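Report on the following structure.
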There are 2 protein chains.
Amino acid sequence: MTEQPAPTTTAGDPATARGEQTRQLIRDTAMRLFRERGYAQTTMRAIAQEAGVAVGNAYYYFGSKDHLIQEFYAQSQVEHRAAAQPVLDREESFGARLGGVLHAGIDVLTPSHEFAATFFKTAAEPTSPLSPFSAESSGPREAAIALFAEVLDGSTAKVDADLRPQLPELLWLAYMGVVLYWVHDRSPGQTKTRQLIDGVVPLIDRLTALSRLRVLRPVTRQVLDLIRTLRH
Amino acid sequence: MTEQPAPTTTAGDPATARGEQTRQLIRDTAMRLFRERGYAQTTMRAIAQEAGVAVGNAYYYFGSKDHLIQEFYAQSQVEHRAAAQPVLDREESFGARLGGVLHAGIDVLTPSHEFAATFFKTAAEPTSPLSPFSAESSGPREAAIALFAEVLDGSTAKVDADLRPQLPELLWLAYMGVVLYWVHDRSPGQTKTRQLIDGVVPLIDRLTALSRLRVLRPVTRQVLDLIRTLRH
DNA sequence: GTCGGTAGTTGAACGCGTTCAAGAGGAGCG
DNA sequence: CGCTCCTCTTGAACGCGTTCAACTACCGAC
């Protein structure tokens with residue numbers, strides 16, 4: 001408000017237009033209210049009022065109330081990546097890296113558990129741009145998959161050569177499963193989800209190791225063939 | 001309307017009260033409109049108008065628009081059970097029984113693919129009574145699990161003794177996974193889902209058989225322990 | 001028969017997400 | 001300085017799901 005207009009761009013961001021401040025203001029206000037009151041209890045009118053703009057103005061920047069969720073989604077992914085860094089620096093074994101990264105993901109999401117629960121409803125709709133499988137979410141999704149590629153690449157694990165290129169995406173899928181469980185997890189502090197991670201990580205560790213075993217080779221092939229078939 | 005009141009009950013149904021006809025009328029009208037126009041495009045006003053009742057009357061029988069979905073859910077389960085009967089009568093091998101029952105489930109759902117897609121959004125919300133894991137859905141859920149128990153019991157399959165009691169619920173869970181894939185399946189006629197079933201059934205078949213193998217015994221135990229831990 | 005109570009029914013009203021025609025503000029140009 | 005154009009902003013209005021106070025119809029009791 002009292003700030004001078006700043007000649008065309010504020011920082012090194014080339015996308016910064018005139019209304020960029022308003023965009024961020026609305027986004028931040030929305031995120032705060034979502035966390036404070038929950039998704040359903042936060043009205044677009046309340047967001048606009050708290051941000052000091054008109055209702056329609058929010059719709060100039062965000063196509064719908066649901067689109068505000070996508071901001072949360074993208075933001076969480078960035079925080080997840082940052083929270084995972086120490087783990088990736090510290091750990092060498094596949095299991096420790098995977099477990100650490102999964103726990104880091106839940107760490108980041110934990111403050112928003114209640115709110116995230118209601119928003120996953122929207123994310124589950126296939127036609128929604130919010131679906132983690134949708135084209136609109138490809139940015140955060142690929143960043144997440146890349147994170148799991150780092151988990152694998154930096155580890156000492158030995159994996160079946162055919163399985164290896166598919167594994168990062170499968171790990172991401174497993175992470176989505178963990179998040180799905182977490183969303184439904186009613187246990188205090190979501191302890192069960194932590195147990196799920198601690199239980200499923202050695203399992204994945206073991207299975208990836210076993211994938212090189214001769215007896216299981218046909219099964220491994222069967223799985224990989226199926227995945228290739230179902231690829232879009 | 002022109003029907004005589006019928007002394008307290010119509011048939012052998014003890015729950016048949018005065019308004020039971022209205023209830024069924026509203027439900028059937030809603031189901032029809034959902035299929036014709038989709039969930040979001042069907043308004044409560046339209047349902048009421050087509051059924052020839054007031055809007056508020058629909059809310060006397062169904063707590064919300066979402067609750068109408070639960071009717072669909074329950075109805076689908078009954079149809080699934082009926083469609084599975086021939087398979088259970090005919091097939092003896094575990095794989096054929098499981099595959100047949102999974103295909104039967106998708107068969108039943110297929111006419112409602114578009115509508116079901118939007119309604120799964122609501123089902124995914126943990127707080128919703130529509131969630132397949134919720135207490136309110138326990139009826140259809142347990143019926144579905146019982147169906148998969150029949151798949152197993154009537155088959156010639158030999159399964160690890162510790163795994164066996166858990167398997168029906170796991171198979172139901174796998175079915176939920178298939179349905180989740182089906183909901184997102186954009187391929188014409190949902191062919192990919194059919195491929196998923198055909199691919200995943202021999203896999204499950206193989207894995208259950210392998211569960212008795214000595215090398216895999218520790219893994220089997222690990223999985224079962226985890227499941228027991230995560231049970232509510 | 002009539003009278004009370006419950007089950008069933010009504011539709012106007014509320015708050016919500018969303019739309020849109022109208023306007024405000026500033027940059028570039030003559 | 002005035003004009004134009006484009007970005008940004010406004011708030012009333014729309015249709016939706018949902019609520020609720022009021023009303024009606026019918027059954028059992030007396």
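Letters go in sequence order (proteins before strands), and every chain restarts at 1. Because the structure is predicted, anything quoted here is derived from the model rather than measured.
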Within less than 4.0 Å of OP1 or OP2 of [N], is there a side-chain N or O belonging to [X]?
X	N	result
Asn57(B)	dT10(C)	yes
Tyr61(A)	dT9(D)	yes
Thr22(B)	dT9(C)	yes
Tyr60(A)	dC8(D)	yes

Centroid-centroid under 6.0 Å between His80(B) and Tyr175(B) rings: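 Centroid distance His80(B)-Tyr175(B): below 6.0 Å, so yes.
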Between Phe72(A) and Phe34(A), ring centroids under 6.0 Å: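 Ring centroids of Phe72(A) and Phe34(A) are no less than 6.0 Å from each other.
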Starting at atom [atom1] of [X], determine the distance to atom [atom2] of [N], rounded to an integer number of angstrom.
X	N	atom1	atom2	answer
Ile47(B)	dC16(D)	CD1	P	12 Å
Lys65(B)	dG17(C)	NZ	P	16 Å
Tyr39(A)	dG17(C)	OH	P	8 Å
His67(B)	dT18(D)	NE2	P	10 Å
Gln21(B)	dT9(C)	CD	C1'	15 Å
Gln49(B)	dG17(D)	CD	C1'	16 Å
Met44(B)	dT10(C)	CE	P	14 Å

Arg23(B) charged N/C atom sitting above Phe62(B) aromatic ring, 6.0 Å / 45°: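 The answer is yes; both the distance and angle limits are met.
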NZ or CZ of Lys65(A) within 45° of Tyr39(A) ring axis and under 6.0 Å: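 Yes.
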Charged N-O contact under 4.0 Å between Glu114(A) and Arg35(A):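 No, Glu114(A) and Arg35(A) are not salt-bridged.
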Closest to side chain of [X], choosing from [options]:
X	options	result
Thr43(B)	dT10(D), dC16(D), dT18(C)	dC16(D)
Val53(B)	dT10(C), dG11(D), dT18(C)	dT10(C)
Tyr59(B)	dT18(C), dC16(D), dT19(D)	dT19(D)

Donor-acceptor pair (no angle test) under 3.5 Å: Arg45(B) side chain, dG15(D) base: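 No pair found.
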Sugar-phosphate, base or nothing in reach of Val55(A), heavy atoms under 4.0 Å: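 Contact class for Val55(A): base.
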